[in-house]
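Proteins get letters first, then strands, A, B, ... in listed order; numbering begins at 1 in each.
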Amino acid sequence: MRLRISFKLAILLALVGALAAGLTGFYAYEASRKLQLNSARTELLTSTQMLARRITLMQGEITRNLQMLTRHPVALATLQQGHPSDADQVATLFDGVMTANPAYLQVRLISADGHGMERVRLDRIGSLAVRLLGDDLQEKGHFPYVADALRLPLGGTWLSRISINHETGTYAGLEQPLLQLAMPVMDAQGAARGVVVINVDLNGLFGLLAADLPGSYQLYLANGAGDVLIHPDATQTFGFDRGRRVLLQSEFPETVSLFTGQAAPVLIDRSEALPGRPPQVAAFIPQSIESPDNDNRLVIGLAQPLSFVMARSDEVGSAIVRIVLGLCALSAALAVLVSRAVSRPINAVTEAARRFEAGEAAGELPVGRQDEIGSLARSFQKMQTRIAQQLLDLKDKQDQLEHLSHHDTLTDLPNRRLFSDRLAQALAYARRNGEEVTVLFLDLDDFKRINDEFGHEAGDLLLQGLARRLQAQMREVDTVARLGGDEFVVLLGTPAHPVHAGQIAEKLMALIGEPVESPMGQLQVGVSVGISQYPRDGETADQIMANADRAMYAAKKVAGSSYRFAADTPPRSAAD
Amino acid sequence: MAARAGNDVLRVLAWPGYAEPEVVAEFERRHGCRVEVSEIDSDATLWQRVRERNGADFDVFAVNTAELQRYLRANLALPLNPTMLPLLSRQEDRFRDLSALPGIARNGQRWAVPFAWAEMGLIHDRRRCPEPPDSIHALWDPRWRGQVLAYNGGTHNFSLAAQALGWPDPFQIADSQWLPAVNKLIALRRNVSGFYTQPEEAVRLFRQRQAAIMFANYGTQQLHLLRAAGVDAGYVIPREGALAWLDCWVMARGARNTALAHAWINHLLDQPASDLLRQRQGLNNTTTTTGGGVSPQGGGRLIWLAPVESEDRRSRLWSRIFSGDNATKVLGT
């Protein structure tokens, strides 16, 4: 019972503690997930915007290179006069630009005449820019980078549709994603005499731009119509080149608005896995470019697998789990302590009750406490004290009753009942030890006269006075009892020779013969004593008593106080 | 008929738009069967799917005349019984004359039923070039230099060159003919403003470059697109004739229920299917006279595409021509 209360209490407290810790942990984890997701989205968006700015910067840089090359006098000279030395100088210029820009695959000077004949051409082969000559130079007049760029004003930049390069004779970047930029070379009259074209490796370029982004970021690029150009899954890129368009808005329907002119970024939070697509977060932003071939727009996107984003919050989660487990253990320990602190005083009270029940000292109670348990202990202590007092009173009453049942109410001497017990004990003892028992039967003479002369009160006073006297004068081992009326009996506690018994009878007669002082004057009576002894005068108590009584009557026949032995008294029938 | 309901399944392999839902539903209702339509979007896919299990996966499929020959050589088709195709009578005469259609008749049996077709005519801007070009030579005409658009594809361009050179069979170029053909295409390259691949791209280029004449690889589809874009365009079948592709229904070798397969082909020759083909896909059918808003000028004939001597070689050489190489380099190894 005791175990169960503290056990239940401990379990309850531990559960409450665990529940509180668990709920706190759960909500903390949820909050941290949300924070992680938000921060991942913000980071993605920031990185995407940074990437877009870099594209602008990069485009500006290529444009500046083109301006430098197209405005260089030697370029125009090469187109107009065609001196080999001029072409060599242009080639040196191109070589410098290509060395400085590893993403440039090809730089060319193409003339407007000769069906767009290439005049100077450098291709990247490995890390080197190699100049092509003779039959390797091709006619490019039908390509938009010539046809369209020749129509541009001074300093205008033509930007190609980003596509796969199928121009054979290209040593670098064949069948590779390509971006071409071209600018016209003008003569003094403002007529376009040719173009300078730079081929840029799209993947190399974006590789450079995105080089410092986290490895888990996945780069997406689409043209203004949504055709995927860069994708983590290379098979999804340049679908139009294989006769099967793959659109960004098919994979990310949320981006549709970007292709209809909206400028706001699109944040995508795919918490649920789609068929064939892992859950991810992504940010897409539109980037305006001056290029009708790309629908004047690029859409740049960065994505991160949700698992990666959540890896950080999983760390937090496992830390939270550890904290929660720690808190659970702590709350369990606290629960045990608290339940003990509560159950110990209760147990003390219970123990006190048990001891009290067993009649032992109650032991210490927590009466000093100022709480409910203290007040319980105090109540219990009060109750305990009261019960103890009542028990004591009861015992007194019992003792009184006991005394009353064995003593004469008037004289407080043992009554007939007690006397019979003692006689029986004495006889039993004597029988076993072969000893003797002496009984002296006393009957007051003329007691009736006292009552008649002085009243019953005087009689009572006389009896009381005589009783006190007998009690005081007899040995403790002897029993003086009042059998009723004016009859007394004395049982000697030790064996007595008949002579000694006679002496005692005489002493008794003297004691009784002394007058008793009372408000009514001196009261005086005599006494007749009958003596009987075991085994001489009988075997049983009744016989002994009867013989003592008989002897007393015999003594009574003599005037004045006297005593008689039963042995000296003829049987009643014979005497009478 | 109703007793057969659900028992038979007809497996159809076709191009998008050939087996329209209402056509399928009507067929299922009439014949108490179920039709499973699978679609393909390229010749390569079609070949792969039919050949995969020797034509056992389908009952009927649609293939063009140029491709048909290799299916017949691979024994992937079953001959058709014309008596089970009463609606053949609805077809125009030119589709009923089997001798004029490449490879449809073989060993005295009929193997295919023409269904959809489109020709590759010439488009001209009626303001810049008011006189409809009646010949493909217009593509080479120096008058239009820098105002011509052509298609970026080797197989058709070599056929075009062969036509321009007056050769009888544009699909078979002999060894001795490669040099003049290459020179002809280099001359085309020098005359054009650019080459296109997609119909939409063609529209953009046409407007951007202010083109006057264009070889319409996608036929009237491009005409519609240009007109929708505000170009006052005309369409001509040149006197040398226009290359044209012709898709035919063929019964697969593994057809389970040949009667049902015949019924399907017959059903598709009926008015509703033919009309839907023109309305929804802008493609010509074989049962009504060409028209529907577009009446090509010039009375040229159609030259149904046939297998060429070597697609690989045409593509390889064309890619070099397109890249700007001279003839020596193009024909070099």
Side-chain angles (χ1 to χ4, degrees), chain A residues 106 108 110-119 121 123 132 134-152 158 160-161 163-171 173-175 197 199 223-227 238-245 291-296, chain B residues 16 39-45 139 142 145-154 157 183 185-211 217-218 315-333:
Chain A
Q106 197 179 54
R108 291 174 287 175
I110 297 172
S111 64
D113 53 15
H115 311 293
M117 194 64 192
E118 293 169 332
R119 297 298 179 199
R121 167 170 171 178
D123 279 23
L132 302 188
D135 268 357
D136 283 339
L137 298 178
Q138 297 170 315
E139 294 176 9
K140 301 292 187 186
H142 54 288
F143 281 98
Y145 55 77
V146 177
D148 287 338
L150 284 174
R151 297 161 184 259
L152 291 174
W158 177 88
S160 75
R161 176 175 173 83
S163 56
I164 299 287
N165 182 17
H166 293 302
E167 285 181 59
T168 57
T170 311
Y171 287 88
L174 183 61
E175 306 301 326
V197 185
N199 283 11
N223 65 23
D227 291 291
F238 296 97
F240 58 80
D241 193 63
R242 300 184 302 272
R244 185 180 61 89
R245 292 182 73 185
S291 168
D293 289 343
N294 290 298
D295 298 281
N296 293 319
Chain B
E39 291 188 343
I40 30 86
D41 58 5
S42 76
D43 287 335
T45 318
L139 298 170
R145 189 172 157 197
Q147 286 185 284
V148 174
L149 290 178
Y151 178 68
N152 181 7
N157 281 352
N183 277 326
L185 289 181
I186 287 177
L188 177 66
R189 182 186 79 198
R190 288 174 173 168
N191 209 47
V192 301
S193 169
F195 294 96
Y196 67 87
T197 307
Q198 295 296 322
E200 294 81 7
E201 185 189 4
V203 173
R204 191 164 45 77
L205 278 177
F206 199 94
R207 300 180 63 196
Q208 208 171 311
R209 305 279 170 81
Q210 296 164 354
N217 188 69
Y218 299 91
S315 297
R316 196 172 64 247
L317 297 186
W318 169 250
S319 72
R320 290 178 185 166
I321 295 167
F322 175 72
S323 299
D325 280 330
N326 58 35
T328 320
K329 270 210 89 135
V330 169
L331 290 166
T333 48

Inset, instruction - Might you confirm whether atom CZ of A:Arg151 has over 12 heavy atoms from other residues, nucleotides or ligands at distances under 6.0 Å? - result: yes
Legend entry - Nearest-0.5 Å distance that lies between atom CZ in B:Arg209 and atom NE2 in A:His142: 10.5 Å
Inset, instruction - Identify the heavy atoms of A:Asp148 and B:Gln208 that sit nearest to each other, and give their distance. - result: OD2-NE2, 3.0 Å
Legend entry - Main-chain N/O of B:Ser323 paired with A:Lys140 side-chain donor or acceptor, under 3.5 Å: yes
Legend entry - Contacts of B:Arg207 that satisfy salt bridge (charged side-chain N to carboxylate O under 4.0 Å, His left out) - sequence neighbours left out: none
Legend entry - When B:Ala150, B:Ser319, B:Gly332 are compared by non-hydrogen pairs under 4.5 Å with chain A, the top option: B:Ser319
Legend entry - Residues forming a side-chain hydrogen bond (donor to acceptor under 3.5 Å, both in side chains) with A:Glu139, sequence neighbours excluded: B:Arg189, B:Arg190
Legend entry - Validation row: A:Gln138, B:Asn326 side chains within 4.5 angstrom (heavy atoms): no
Inset, instruction - Would you name the heavy atoms of B:Ser193 and A:Ala147 that are closest together and state the gap between them? - result: O-CB, 4.0 Å
Inset, instruction - Supply the atom-to-atom distance A:Asp295 CG to B:Arg204 CZ, rounded to the nearest 0.5 angstrom. - result: 7.0 Å
